[in-house]
Amino acid sequence: MPEWPEMENYRIQLAARIAGQPVTGVQVTREKSINVMPEQFAAELVGRTVWYVERRGKFLLFHLDNGKRLLLHLMLDGLIQFKPAAEKPERSVQVTIGFPKGELRFIGLRLGYIHILTAKEVDAQLQALGPDPFDRRLTLERFKQLFAGKRAALKSALVDQHVIAGIGNCYADEIAFAAGVRPDIRIPSLEAADWERLYKAMREVLHDALSAGGYMELPLDSDDTLTGGYNERCLVYDRGGEPCLRCNGTIVQSEASSRKIFFCPACQKER
DNA sequence: AGATGTACCCGGACGC
DNA sequence: TGCGTCCGGGTACATC
């Protein structure tokens, strides 16, 4: 599923394409993807200008010129594309938002959604989100504090959006590997040196993943050429049974807090 | 605090 | 080729 690097890549790509552009048309083919009647959804959008696109965790926020926002969450396997209106979509599109330069298409939305909300409603909905991994105020000290008092497995806290916003299944495992601790290690077992490595690993992994366009191949359009490059650089995620590229041992797939985890038993400490 | 379960949703995998 | 069945997983919420 799209996580921090994928959504951040989308945000950057979208900024170059739709910031400052007016909405020229709206088409809703799946009402469940939106939160109001399709006519109202269209009426609220057509003629409005998108000032800019913001990312919060795995959410994207489209800021409209009347103060309202579009809140997007892709959940499991949603994706977006920005294509010329003349180019036929290959897959069924649930929602289309037209701009002068092309159509923004929302595809594969199942649990995912695109909601029109007031700023207040968005704030209420996202109020409990944890800090962004690259928040300037997120020092090592604060990072450690986010986990204070927790006894759960590291993995469940890393993917908890109330702790840090944007990390999911793939990057949690990659971060744990980079830090040399197993995803199922109990939080109280982590020592000062582990926290330092985790903090550093979180930023390095996510930064590298963004540089490679994320691990999922999700090009916004044909100009979005750098996408999915991190897939071949994943060292543990979805590599159960395969050799560890660091020690040549075998990557294990297991479970922690009823979540799938991947790790190298030799490279990552258990406690 | 956290584990567990439920609902939401449907493409894709699987079985026949 | 086609049909039925089942699963997965991010998030919110209830329950224990």
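What you see is a predicted model; the values in this text were computed from it and never measured. So you know, we letter chains A, B, ... as the sequences are listed, proteins then strands, and number each from 1.
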Student: What's the CG-P distance between A:Leu74 and B:dC9, to the nearest Å?
Tutor: 17 Å

Student: N/O contacts under 3.5 Å, protein versus nucleotides 2-4 of chain B?
Tutor:
residue	atom	partner	partner atom	Å
B:dG2	OP1	A:Arg151	N	2.4
B:dG2	OP1	A:Ala152	N	2.9
B:dG2	OP2	A:Lys150	NZ	3.2
B:dA3	OP1	A:Arg186	NH1	3.3

Student: May I have all residue pairs that pass ring pair (Phe, Tyr, Trp, His ring centres under 6.0 Å) and include part of residues 83-103 of chain A, sequence neighbours excluded?
Tutor: none

Student: Nearest-Å distance, CD (A:Gln94) to P (B:dC9)?
Tutor: 13 Å

Student: For A:Asn35, which residues count as a side-chain hydrogen bond (donor to acceptor under 3.5 Å, both in side chains) partner, sequence neighbours excluded?
Tutor: none

Student: Salt bridge check: are A:Arg142 and A:Asp135 linked by an N-O gap of less than 4.0 Å?
Tutor: no

Student: Once ring pair (Phe, Tyr, Trp, His ring centres under 6.0 Å) is applied, do any residues pair with A:Phe147, and if so which ones, sequence neighbours excluded?
Tutor: A:Phe143, A:Trp195

Student: Check residues 243-263 of chain A and write down every donor-acceptor pair under 3.5 Å in which the side-chain atom is one partner and the other belongs to a residue at least two apart or another chain.
Tutor:
none

Student: Could you tell me the separation between the CD1 atom of A:Ile114 and the P atom of B:dC9, rounded to a whole number of Å?
Tutor: 18 Å

Student: Whole angstrom is fine here: how far is it from CG in A:Leu154 over to P in B:dA1?
Tutor: 18 Å

Student: Under the side-chain contact (heavy atoms from CB on, under 4.5 Å) rule, collect the residues that match up with A:Lys269, sequence neighbours excluded.
Tutor: A:Val181, A:Ile185, A:Glu191, A:Asp194

Student: Distances under 3.5 Å between protein N/O atoms and the N/O atoms of nucleotides 9-11 of chain C, please, pair by pair.
Tutor:
residue	atom	partner	partner atom	Å
C:dG9	OP1	A:Lys260	NZ	3.0
C:dT11	OP1	A:His73	NE2	2.8
C:dT11	OP2	A:Lys58	NZ	3.4

Student: Could you give the CZ-to-C1' distance, from A:Phe147 to B:dA1, as a whole number of Å?
Tutor: 15 Å

Student: Side chains of residues 225-237 of chain A: which donor-acceptor pairs under 3.5 Å do they make with residues two or more places apart or in other chains?
Tutor:
residue	atom	partner	partner atom	Å
A:Thr227	OG1	A:Met216	O	3.2
A:Thr227	OG1	A:Leu218	N	2.8

Student: What pairs of residues pass the ring pair (Phe, Tyr, Trp, His ring centres under 6.0 Å) test when at least one of them lies in residues 109-134 of chain A, not counting sequence neighbours?
Tutor: A:Trp4-A:Phe134, A:Tyr113-A:His115

